[in-house]
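Each chain gets a letter, A, B and so on, in the order its sequence line appears, and its residues count up from 1.
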2 protein chains.
Amino acid sequence: MQIQPSFRAHPSRDTHAGLSDLLLAMQPAAVTYFPTDAVIYAEGDAAGPLYLVEFGMVRICRLTADGRRLISAFHTAGEVFGFEADGVHGSFAESVDGAGIRVLRPHCGEQPTGSILTLALRSLARTQAHLMLLGRRNANERMAAFLVDLAARQGDDSSVYLPMQRYDIADYLGMTFETVSRVLRALKDLGLIRLRSTNEVELLDLAALEAMCD
Amino acid sequence: MQIQPSFRAHPSRDTHAGLSDLLLAMQPAAVTYFPTDAVIYAEGDAAGPLYLVEFGMVRICRLTADGRRLISAFHTAGEVFGFEADGVHGSFAESVDGAGIRVLRPHCGEQPTGSILTLALRSLARTQAHLMLLGRRNANERMAAFLVDLAARQGDDSSVYLPMQRYDIADYLGMTFETVSRVLRALKDLGLIRLRSTNEVELLDLAALEAMCD
DNA sequence: CGACCTGTTGATTCTGCTCAATCAACGTGG
DNA sequence: CCACGTTGATTGAGCAGAATCAACAGGTCG
């Protein structure tokens, strides 16, 4: 948790509706650098400020009493997270690969609730799509949806970079890391992807992958 | 889809923070009665107005291309639904058992976005809790969580009324209706519940049920 | 009464988990 | 430079939980 001196503006900020309003209205703090696996906020922490990802990737996690973990979301550059209904965080946020985060502290009584609402609704829409994934799709379909979604967010429809490790993917897709390996193997055998390296996947048949997830 | 002449105010309205502000600011329309299985809005419909449940129960559904259904939420009296990130509904809403709905139409440019935000964040919190359910809990745990949640919302911690049928419960919990039957049977055999009738469950050991779901 | 719908239960199948071995990449210290 | 330990990923064997396929019971409605 140290201050990153060289601030690098992320590329897609202006493409996110509502975000520029928010940045104008909420005095943006400096960018804080969170190294791999550093905790950004913990479960039970007081909620309030929002967090803008400048670079890197963040995971939002929740644990059951007996230690099973679910990652409810990954956030990449340009996305805002940290919304809570009551004043306390029900999940915790960690840096996946070293992430730069800008904290947006609400001014007393003069937040632009309109643009916050826009972002919160987007978060809701993402979460609902993820519900469908976990509730009604099998392992292959979940992985296909994950790859297609990441590719879209990275703006490259022929290859995907996976900054997180297999265990994270498993906890995001509601399965085990062994199954993640097996499913990637299965998609490879189907000729849909190619594993350029452990964390770089080439999408050989984007149309077929998209067809697998609606 | 007919107008219910006798309007019955629901009991818990004032316990929902943000709701009274919303009702003050958004001119509430008359209550419309939706009989069992009637569609309140369809997937693809223009979004915008919000919907307040006055009585009865509503299900929010989504379908995969090949017809698998997931119910992302049930809504009871006092709850508001219909939030969408963009202008189009990604899910559809249906009456479960005959529901009275009050449509809240936004006035141009003068909605109380603050109270809408509060309600949207509550919806997000619910959805995230449901994610955990579908991603990391087995059939018994899902059912226990469902019963405990319904009991709390119905304000009775010794029995639960199930207005929906097994198929709906299955699609809410991400399983089949046969498994719903079997799981209820299993909880009964464990001495945790008693099936007073098809749609009335007595909670014999609330503490144990709560322990099953964190 | 018969047709239909909902729910329960049984038999079987199958997807994904558990347990476990192996392997590659990497860092450390002798 | 190499032996060693560690960590992440892959693969295999067997198992368990839930799905599927199927039969049947009770209730409702024409």
Please give, in whole Å, the distance from [N] [atom2] to [X] [atom1]?
{"X": "B:N138", "N": "D:dC15", "atom1": "CG", "atom2": "C1'", "value": "16 Å"}
{"X": "A:M143", "N": "C:dT15", "atom1": "CE", "atom2": "P", "value": "17 Å"}
{"X": "A:F177", "N": "D:dT10", "atom1": "CZ", "atom2": "C1'", "value": "10 Å"}
{"X": "A:Y167", "N": "D:dT6", "atom1": "OH", "atom2": "C1'", "value": "17 Å"}
{"X": "A:D37", "N": "D:dT7", "atom1": "CG", "atom2": "P", "value": "12 Å"}
{"X": "B:K188", "N": "C:dT9", "atom1": "NZ", "atom2": "C1'", "value": "12 Å"}
{"X": "A:I169", "N": "C:dG16", "atom1": "CD1", "atom2": "P", "value": "16 Å"}
{"X": "A:L184", "N": "D:dT11", "atom1": "CG", "atom2": "C1'", "value": "13 Å"}

5′-ward residue of the pair B:V180/A:R166 relative to DNA chain D:
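By nearest-heavy-atom nucleotide position, the 5'-most residue is A:R166.
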
Would the base of C:dC5 count as contacting B:Q165 through its side chain, where contact means a donor and an acceptor less than 3.5 Å apart?
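Under the 3.5 Å cut-off, the side chain and the base do not form any donor-acceptor pair.
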
Between the base of D:dG17 and the side chain of B:R182, is there a donor and acceptor pair under 3.5 angstrom?
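There is none.
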
Gap separating the CD1 atom of A:I40 from the OG1 atom of A:T32, nearest 0.5 angstrom
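That separation rounds to 9.5 Å.
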
Classify A:S181 by what it touches in the nucleic acid, base, sugar-phosphate, or nothing, heavy-atom distance under 4.0 Å.
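Base contact.
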
Does [X] put a side-chain nitrogen or oxygen below 4.0 Å from OP1 or OP2 of [N]?
{"X": "A:R185", "N": "D:dT11", "value": "yes"}
{"X": "A:T179", "N": "C:dC17", "value": "yes"}
{"X": "B:T176", "N": "D:dA19", "value": "yes"}

B:R126 versus B:D149: any side-chain heavy-atom pair under 4.5 Å?
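Yes - at least one pair of side-chain heavy atoms lies under 4.5 Å apart.
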
Flag, side chain of B:R136 to backbone of A:L70, donor-acceptor distance under 3.5 Å:
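Judged by distance alone, no pair lies under 3.5 Å.
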
A:R59 bridged to A:D37 by N-O distance under 4.0 Å:
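Looking at A:R59 and A:D37, the cut-off is met.
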
Quick one: which of D:dT10, C:dT18, D:dA19 gets closest to the side chain of A:L195?
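Within the option list, the nearest is D:dT10.
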
